[in-house]
Protein chains: 2
Amino acid sequence: MTDTRESGTRSRTRRAILAAAASVLARDRGATLAAIASAAQIGRSTLHRYFSDRQDLVNAAVVDSFRVVEQSTAEAAIDQGPPLEAMRRLIAALVDAGDRLAFLFGDPRVLEEFTDCFEPDLSVPTTVGLIERGQAEGVFDPGVSAEWIQQVLWALTYTGWEAAEKGLLPRHGVAAAVTRAFESGMVVSPAHS
Amino acid sequence: MTDTRESGTRSRTRRAILAAAASVLARDRGATLAAIASAAQIGRSTLHRYFSDRQDLVNAAVVDSFRVVEQSTAEAAIDQGPPLEAMRRLIAALVDAGDRLAFLFGDPRVLEEFTDCFEPDLSVPTTVGLIERGQAEGVFDPGVSAEWIQQVLWALTYTGWEAAEKGLLPRHGVAAAVTRAFESGMVVSPAHS
DNA sequence: TGAAAATGAGACACCTAAGTCCCATTATGG
DNA sequence: CCATAATGGGACTTAGGTGTCTCATTTTCA
């Protein structure tokens, strides 16, 4: 699966670059390659040795971030247990991968360009799958599409990450705030006008 | 308040530029000035006659978008009537101003740079004011800060706009979907684990 | 320890967007 | 109808990021 032909050093450097790219680009999409290299604590020349193009780097960062988020999702075991609890685990996992999610979610066009040429790993349970399971069990709102619920999930998670970034929320309270917002919204009493 | 020293023609052109800038930049932050000028159906030279700098244009677009959103907020009369219904009017208004809101909300750094040097118009009722009023009346969740609720409001509205952009939601259903998500979240039954 | 791998710093040319003028043309308004 | 405002298109320069290359230095590993 992972490249066995790549030396340990190179592999480590590559990871550092991809992580830095996601982190920096999440906060500033127009960030310079020099800025990314600096964040990764490497020289700009070295960056070019790993990724010829800027586009090449962005592509790789997207794929890698996908992989990381997918990994987090997988570790949340969202295909097991009650959907509601699975969702809570998923939210916690997504918040932990905040940088990567912010990078993927932050730019509307990044995702679009890749949803086409991406064949999802079928061995990994999907977020939409969890949502549909929850809808079937009557836990998640069946009145809207699963994709919309997924969008809301990502948006809330991203917002929580951003709020923590700017100090609006404490780091340790993000997952709880997002979960609360996702599950019951912002209105206290059942409000039927 | 508005420039009376500016001719009708210039005023109209200026508005067109600002609207185009918000619309284009909302969808692509790195968009060229030529692209913005093209979207405004004017020449690039003309754009430079109105805004010397790119930064100048962006600043003006932010200020203008603020004004438009503020205007929409004001027309929603959010300081009158039950908070819940006021919020529904506000959401509808924000969705209508989707372009501008997406532009303001889309870039985390745009807002930060301006919150400092911005003195809010005190004659206009504020969103946070509405939220705090609702919290005081026990309608909105008093367990979290008003600012966080505002962030969630904006995030959901933005997500609704974006979903409509990519065809995930029908245009006429955005306000309803956002309102529903804001008020009751995505979970059907009252879920107390 | 010695060879190979990996890196950093810098020099360099290139390209694109940005910003500045200029001039001919069109639209506006008294 | 005419003076003037407003515009569009194009030429031009500038600035900054990008991509390529070289060479000296450091690190890794057998």
Side-chain angles (χ1 to χ4, degrees), chain A residues 2-64 103 106-110 113, chain B residues 2-64 103 106-110 113:
Chain A
T2 51
D3 276 358
T4 55
R5 67 186 173 218
E6 197 170 48
S7 96
T9 306
R10 280 190 73 84
S11 175
R12 235 175 303 118
T13 303
R14 178 180 295 272
R15 289 172 187 276
I17 295 176
L18 290 175
S23 174
V24 170
L25 292 177
R27 291 167 180 80
D28 177 12
R29 295 177 199 179
T32 301
L33 292 187
I36 296 174
S38 169
Q41 293 181 311
I42 61 166
R44 196 169 67 93
S45 336
T46 303
L47 194 156
H48 277 289
R49 283 194 188 90
Y50 286 78
F51 305 98
S52 62
D53 240 270
R54 178 190 180 92
Q55 193 58 38
D56 190 24
L57 171 62
V58 173
N59 289 0
V62 170
V63 172
D64 180 64
F103 166 58
D107 193 341
R109 308 185 319 161
V110 168
E113 294 175 12
Chain B
T2 51
D3 277 0
T4 56
R5 68 187 172 217
E6 196 169 48
S7 97
T9 305
R10 278 191 73 85
S11 174
R12 235 176 303 118
T13 303
R14 179 179 295 272
R15 289 172 187 276
I17 294 175
L18 290 174
S23 174
V24 170
L25 291 176
R27 293 167 177 80
D28 177 13
R29 294 175 198 178
T32 302
L33 293 186
I36 296 174
S38 168
Q41 293 182 311
I42 61 165
R44 197 169 65 93
S45 338
T46 304
L47 194 156
H48 277 288
R49 283 194 188 91
Y50 286 79
F51 305 98
S52 60
D53 241 87
R54 179 191 179 91
Q55 193 58 38
D56 190 24
L57 171 61
V58 173
N59 289 0
V62 170
V63 171
D64 181 65
F103 167 59
D107 193 342
R109 309 186 317 159
V110 168
E113 294 174 12

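Just so you know, these numbers use all the heavy atoms, side chains as well, and skip hydrogens, waters and symmetry mates. Chain identifiers are assigned alphabetically (A, B, ...) following the order of the sequence lines, protein sequences preceding nucleic acid strands; residue numbering begins at 1 within each chain.
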| request: Please determine, by modelled atom types, if B/Ser45 and B/Arg49 share a side-chain donor-acceptor pair under 3.5 angstrom. | output: no
| What is the minimum heavy-atom distance between A/Leu33 and A/Leu47, and which atoms define it? | O-CD1, 3.8 Å
| Rounded to whole angstrom units, what separation is found between the CD1 atom of A/Ile36 and the P atom of D/dG17? | 12 Å
| note | Looking only at heavy atoms, the pair that brings B/Ala21 and B/Leu57 closest together is CB-CD1, 4.2 Å
| Can you name the nearest heavy-atom pair linking B/Arg54 to B/Leu25, along with the distance? | NH2-CD2, 4.0 Å
| task | Measure the spacing between CZ of B/Arg14 and OG1 of B/Thr46 and express it to the nearest 0.5 Å. | result | 12.5 Å
| field | Euclidean distance, atom CZ of residue B/Arg14 to atom P of D/dT7 [Å, nearest integer] | value | 10 Å
| message | Rounded to whole Å, please give me the gap between CZ in A/Phe51 and C1' in C/dA6. | response | 15 Å
| Tell me, do B/Phe103 and B/Val62 make a side-chain contact under 4.5 Å, heavy atoms counted? | yes
| Closest non-hydrogen atom pair between B/Asp28 and A/Arg109, with its separation | OD2-NH1, 3.5 Å
| When the distance from CD of A/Gln41 to C1' of C/dA6 is rounded to whole Å, what number comes out? | 16 Å
| remark: Between A/Ala20 and A/Ile36 the two heavy atoms that sit nearest each other are CB-O, 3.9 Å
| request: On DNA chain C, check which nucleotide each of A/Gly43 and B/Arg12 is closest to and give me the residue with the more 5' one. | output: A/Gly43
| Terminal helix-axis angle for the helix from C/dT1-D/dA30 to C/dG30-D/dC1, with five pairs defining each axis and rounding to 10 degrees | 40°
| Does A/Tyr50 place a side-chain N or O at less than 4.0 Å from the phosphate oxygens OP1/OP2 of C/dT7? | yes
| Under 4.0 angstrom between A/Thr13 side-chain N/O and C/dT7 OP1 or OP2 | yes
| note | A/Ile42 atom CD1 is separated from D/dT27 atom P, nearest whole Å, by 16 Å
| request: Whole angstrom is fine here: how far is it from CG in B/Leu47 over to P in D/dG9? | output: 13 Å
| 5′-ward residue of the pair B/Ala31/B/Gly8 relative to DNA chain C | B/Ala31
| B/Ser38 side-chain N/O to B/Ala34 backbone N/O, donor-acceptor pair under 3.5 Å | no
Report each atom pair, protein N/O against N/O of nucleotides 19-21 of chain D, whose distance is under 3.5 angstrom.
from	atom 1	to	atom 2	distance (Å)
D/dG19	OP1	A/Asp53	OD1	3.1
D/dG19	OP1	A/Arg54	N	3.3
D/dG19	OP2	A/Arg54	N	3.3
D/dG19	N7	A/Arg44	NH1	3.2
D/dG19	O6	A/Arg44	NH2	3.0

